[in-house]
Amino acid sequence: MVKLFRFLKPYRWELFWVLLFLFAQSIAELSLPTLMADVVNNGMMKGDTGYIWKFGAYMLLVALASSFCSIVGSYLSAILGVGLGRDIRDSVFSRVESYSLHEFDQIGTASLINRTTNDVTQVQTLVVMGLRFMVYAPIMCIGGIIMAYSKDQQLTLILAVVLPVMLLMIGSLAKVIVPLFKAMQIKLDRVNLVLRENLTGIRVIRAFNRLESESRRFKDANRDLTDNAIRVNKIMALIQPAMIIIMNLTSLAIIWYGGIRISQNIMQVGDMMAFIQYAMQVMFSIIMVTIMFVMVPRAQASAIRINEVLDIEPGINDPVQSITPGIQKGLVEFQDVTFSYPGAELPAISNITFTASPGEVTAIIGGTGSGKSTMINLIPRFYDVDSGAVLVDGVDVRQMSQKELRAKIGFVPQSPVLFSGTVSENIRYGKPDATGEEITHAAEVAQASEFITAMKDGYEAQIAQGGTNLSGGQKQRLSIARALVRRPGIYILDDSFSALDFKTDARLRAALKKETTTSTVIIIAQRVGTVMDADRIIVLDKGQIVGMGSHKELMDSCVVYREIVSSQLSEEEIA
Ligand code: ADP
Ligand code: MG
């Protein structure tokens with residue numbers, strides 16, 4: 001929690017004013033009962049109407065001043081709280097953006113969303129309330145006791161009995177409630193996780209008739225959260241009536257004992273009334289402080305979760321001094337590269353060495369799980385190699401700035417990702433300043449223009465979140481167009497033809513070839529037909545290169561390749 005206080009720094013002036021106004025408010029409120037005692041003792045009891053009017057007006061002024069301070073104080077602390085929330089959210093978000101994929105796996109998407117939203121709100125609420133209570137409550141409590149003592153010392157004994165009882169009660173309630181509060185965030189994470197999975201996986205859930213079990217899963221998580229919240233609120237609900245009873249009993253005791261003292265002429269009526277008000281103020285401030293102490297653990301848990309996000313150092317960083325390659329062509333080299341995922345026993349790929357030159361098509365083929373995607377994810381530096389090096393234009397990717405490196409690459413991921421927006425916005429994603437012509441050209445090369453123009457609004461047609469209103473092949477072609485519009489030096493196509501029919505596949509490859517004559521093209525594919533006429537085919541098996549060369553060479557030399565080919569082509573096609 002304390003660590004997050006650094007976010008208060010830009011708000012030091014607001015902070016100063018909030019504290020000042022709250023201070024003024026509490027002083028004003030403390031002086032009101034004394035003024036009232038004066039009015040009662042010196043005005044009412046003596047029948048001095050002039051005195052009543054005069055001090056009555058004073059009281060009104062003080063009350064107005066206190067309301068004014070309260071309003072301004074609340075307003076400023078609200079500004080401060082909301083601003084603080086925004087700043088923390090901003091910095092959590094930008095930290096998450098700098099994460100490499102490892103760190104994403106580490107915390108999980110649902111939790112990251114929660115931490116950016118709900119957890120920040122918890123901290124924000126506590127800061128706003130805390131500010132109020134921190135100044136207001138101690139002044140009211142200590143000031144109230146002093147003022148009460150000054151009114152009548154003997155009556156103060158009542159407070160000396162009541163306050164410890166009250167503290168004891170609140171303390172024991174807090175002991176029960178604090179762990180429940182802490183559990184809240186974790187249970188909320190769980191609800192979010194299940195909800196997210198349900199929303200994104202709704203097709204699969206329906207197809208496999210898992211609606212019931214899924215809704216049971218959600219209900220369980222939801223009930224868990226609800227039960228916890230209900231338990232918390234039950235206890236919280238207990239606090240209020242208990243406090244009211246204690247307060248009323250206290251008033252009663254003061255009136256009874258005070259009455260005796262008044263009849264003995266030791267005390268004045270006004271002082272007794274003021275004493276009651278001071279007692280109430282003291283007790284109220286104690287309740288306030290306890291509410292805050294109950295809230296602190298929850299916000300503390302949230303603060304820890306936020307700090308966790310902020311403290312993770314992204315595993316992939318720009319070098320202190322980045323090197324810009326002299327040549328700008330798109331040469332990709334792997335030098336004895338080995339890489340394993342964290343926690344995995346065996347490396348996902350090992351001892352990979354090859355060169356993909358500009359103007360050439362390098363194809364990678366291999367069974368599922370053989371490490372193809374892993375291999376090409378190393379080029380844009382989504383992950384760092386364990387040993388060996390990946391070089392682009394002769395410079396190790398770890399020595400380049402990530403921005404510069406990725407600007408060279410047109411990346412088409414294995415599962416196409418589209419964003420909500422229009423078709424042209426999605427293609428323009430690859431090059432923000434692309435002209436309309438460039439966009440239509442890219443779509444034409446990607447064999448996408450036909451289905452785009454067939455859509456109702458053509459290039460301005462809306463794409464749903466995640467591209468759910470397009471077919472798999474259409475999504476693939478749009479994400480290819482998005483890469484093409486950049487005209488990068490390196491094209492990486494991860495199994496991007498898998499959902500296309502053979503005819504479109506062939507047409508796309510022919511168009512692509514014309515478009516990429518000076519670029520390095522790396523294609524991952526499952527179909528032999530797609531890779532056959534590549535300049536170089538790399539055959540991957542269990543993370544290792546088992547063959548490299550042209551189709552012809554591999555047919556002669558590589559057993560794995562021959563097996564793949566014969567599983568897909570008929571005898572005469574092979575011949
Ligand atoms: P391919 O693209 O050839 O089908 P991948 O490169 O995706 O294969 O996967 C290679 C291996 O790495 C698989 O065994 C897979 O289980 C593992 N793997 C892939 N992605 C991850 C990840 N994010 N974390 C841990 N292991 C992974
Ligand atoms: Mg793959």
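We're numbering straight along the sequence, starting at 1. Order of appearance sets the numbers: ligands from 1, and atoms from 1 within every ligand.
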(message) Check for me whether the distance between the ring centres of Phe382 and Phe104 falls short of 6.0 Å.
(response) no

(request) Drop me the distance from Leu512's CG to Ile523's CD1, to the nearest 0.5 angstrom. (result) 6.0 Å

(request) Determine yes or no for a side-chain-to-main-chain donor-acceptor pair under 3.5 angstrom, with Asn307 supplying the side chain and Ala303 the backbone. (result) yes

(message) Before moving on, can you tell me the angle at the Mg ion (ligand 2) between the OG atom of Ser373 and the OE1 atom of Gln414, to the nearest 10 degrees?
(response) 80°

(request) Provide, to 0.1 Å, the distance between atom 6 (O) of ligand 1 and the closest protein heavy atom, together with that atom's residue and name. (result) Thr374 OG1, 2.5 Å

(request) Evaluate the 4.0 Å heavy atom contact test for atom 15 (C) of ligand 1: does a protein atom fall under the cut-off? (result) no

(message) Geometry only, no angles: is Thr368 polar-contacting ligand 1 at N/O separations under 3.5 Å?
(response) no

(request) Could you tell me the residue and atom name of the protein heavy atom closest to atom 17 (C) of ligand 1, and the distance to it rounded to 0.1 Å? (result) Tyr341 CE1, 3.7 Å

(message) I want to confirm something. Looking only at heavy atoms, which of Gly543, Ser373, Pro342, Gly369 is nearest to atom 13 (C) of ligand 1?
(response) Gly369

(request) Can you pull out the closest protein heavy atom to atom 3 (O) of ligand 1? Residue, atom name and distance to 0.1 Å, please. (result) Lys372 N, 2.8 Å

(request) Write down the atom of Gly366, the atom of Lys372, and the distance for their closest heavy-atom approach. (result) O-NZ, 3.0 Å

(request) Might you confirm whether atom CZ of Arg527 has over 12 heavy atoms from other residues, nucleotides or ligands at distances under 6.0 Å? (result) yes

(message) So for Ser370, does at least one of its heavy atoms come nearer than 4.0 angstrom to any atom of ligand 1?
(response) yes

(message) Determine whether Ser111 and Arg115 satisfy the following criterion, side chain to side chain donor-acceptor pair (under 3.5 Å), listing intermediate values before the conclusion.
(response) CA-CA 6 Å; Ser111 191; Arg115 288 170 200 230; 2.8 Å; yes

(message) With a 4.0 Å cut-off on heavy atoms, is Tyr383 in contact with ligand 1?
(response) yes

(request) Walk me through it: do Glu103 and Ser100 pass the test side chain to side chain donor-acceptor pair (under 3.5 Å)? (result) CA-CA 6 Å; Glu103 283 92 46; Ser100 77; 3.1 Å; yes

(message) Using heavy atoms and a 4.0 Å limit, tell me yes or no: is Ala344 in contact with ligand 1?
(response) no

(message) Tell me if a side-chain donor or acceptor on Asn351 pairs with a main-chain N or O of Asp336 at a distance below 3.5 Å.
(response) no

(request) Ignoring hydrogens, tell whether any protein atom lies closer than 4.0 Å to atom 24 (N) of ligand 1; use the non-hydrogen atoms only. (result) yes

